[in-house]
Asker: 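Here's a structure for you.
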Amino acid sequence: MPHLLSAAPSARRPLLATASAAVLAGALLLTGCGSGSPSSPGGGSQPADQSADAALDQVNLGLIPITDVAPVYLGIQEGYFEDEGIQLSVQLAQGGAAIVPAVMTGEYQFGYSNVVSLLIARDKGLPITVVSNGSSSTNVPGKDVTEVAALPDAGIENAADLVGKTVAVNALNNFADVTIRNAVEKAGGNPDDVDFVEMPYPNMPAALERGDVDAAWTTEPFRTQILEAGGEIVSSPMTDLTQDFDSAFYFTSEQTMQENPELVERFQRALEKSFQFAAENDDEVRTVIQDYAKITPELAETVVMSRWYPEINREGLEKLGSAAVKYGVLKNNPDYEALIAD
């Protein structure tokens, strides 16, 4: 099986990627499913040759309809999964909280979720295994895929100014809390004095405009929408934590890993090819996200694109895990060897 850990961030290949690094977490319900080409809501059309289709392994992958997962749709489109003997069916969900149990029960063979949600799952004893990186930071403060934004009249210019303010996050005690608290403390503020309010990403631009919150932990395309409405980026928590920050992973269950390791290897190979294709075809990425992520052509041209690396930044993951323990999101120090497939 391909080794997933990179020796150091500098050793990674410079692959571009798509928006919205912070993947949703929380108790959310499934919203749809499908399979095939990117022209359908879940991923597409069925092959005309049903006998050939029957020779492929039917595999379900739980995804969130955000721009970060564009490589999967492009990989289906380019035939990379079929080349590996996989008929991939994309199952759409609103958040990782719906995907994790579906992977545990075997309804999905693979899933996609933010890193902190997966660390929390392992912390609670769920037998999940990470098989690939998902998406990563741009490493550019102010131009990252997930950042904290505010309107000018909020009086917030940097992370330290978030102290005493109300910040909208997509899920409490998760990815946003950990990275924002770290950024505030690094800037000299008290991370315990930030008031987090949970709300869905799509609700954040209007909440800022109404003054319901002072700032928002926002991701694409909502990040760009806030900026176009006059908002400003006031903190880039992922770049504050580490270089080449990995925000989400693809994962499976330990049962699938043990019973069908060869399938996992084929899935990894197809996914790596998909990452590479996306990195080399920015126009294709910005076209496919218009369909499944429901983004207008104009917005698709302006959203910030994250990066895709097949390898996992182990050093950055450990920094994130330590911060999650420090701020009480995890009870125990993570077992990284158990979390990540060799």
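Both backbone and side-chain heavy atoms feed into the values below; hydrogens, waters and symmetry mates do not.
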Asker: Would you tell me whether S135 and S247 have side-chain atoms, one donor and one acceptor, within less than 3.5 Å of each other?
Answerer: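 The criterion, which ignores hydrogens and geometry beyond distance, is satisfied for S247 and S135.
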Asker: May I ask you to decide whether E185 forms a salt bridge with R181, counting only side-chain N to carboxylate O separations under 4.0 Å?
Answerer: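 No, this pair does not count.
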Asker: Is the shortest side-chain N to carboxylate O distance from E78 to K273 below 4.0 Å?
Answerer: no
Asker: Is I120 reachable from L172 through a run of I, L, V, M, F, W or Y residues, each pair having side-chain heavy atoms under 4.5 Å apart?
Answerer: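 They do share one cluster, since a chain of ILVMFWY contacts under 4.5 Å joins L172 to I120.
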Asker: Going by atom types only, do N114 and N174 share a side-chain donor-acceptor pair under 3.5 Å?
Answerer: yes
Asker: For E147, is there any backbone N or O sitting under 3.5 Å from a side-chain donor or acceptor partner on D144?
Answerer: no
Asker: In terms of the angle between their ring planes, are W217 and F175 parallel, tilted or perpendicular, with boundaries placed at 30° and 60°?
Answerer: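 Taking F175 first and then W217, their aromatic rings stand perpendicular (interplane angle over 60°).
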Asker: For N332, enumerate each residue passing the side-chain hydrogen bond (donor to acceptor under 3.5 Å, both in side chains) test, keeping only those at least two apart in sequence or located in another chain.
Answerer: D123
Asker: For T239, give me all partners under side-chain hydrogen bond (donor to acceptor under 3.5 Å, both in side chains), at least two apart in sequence or on another chain.
Answerer: none
Asker: Among residues at least two apart in sequence or on other chains, which ones pass salt bridge (charged side-chain N to carboxylate O under 4.0 Å, His left out) with K165?
Answerer: none
Asker: Under a 3.5 Å cutoff, is there a donor and acceptor pairing between the side chains of E228 and T224?
Answerer: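 Checked: E228/T224 side chains show no N/O donor-acceptor pair below 3.5 Å.
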Asker: Who are the salt bridge (charged side-chain N to carboxylate O under 4.0 Å, His left out) partners of E254, not counting sequence neighbours?
Answerer: R122
Asker: Do Q268 and E272 have side-chain atoms, one donor and one acceptor, less than 3.5 Å apart?
Answerer: no
Asker: Just wondering, more than 12 heavy atoms not from E280 lying within 6.0 Å of its CD?
Answerer: yes
Asker: V167 and L227: same hydrophobic cluster, using ILVMFWY side-chain contacts below 4.5 Å?
Answerer: no
Asker: Any donor-acceptor pair under 3.5 Å linking the side chain of N139 with the backbone of D244?
Answerer: yes
Asker: For E232, what residues pass the side-chain hydrogen bond (donor to acceptor under 3.5 Å, both in side chains) criterion, not counting sequence neighbours?
Answerer: none
Asker: Hydrophobic clusters here meaning ILVMFWY residues chained together by side-chain heavy-atom distances under 4.5 Å, can you tell me if L162 and I233 are in one?
Answerer: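 Not linked; separate clusters.
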Asker: Sequence neighbours left out, what passes side-chain hydrogen bond (donor to acceptor under 3.5 Å, both in side chains) with S274? Give chain and number order.
Answerer: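 Scan of S274 (side-chain hydrogen bond (donor to acceptor under 3.5 Å, both in side chains), adjacent residues dropped) gives none.
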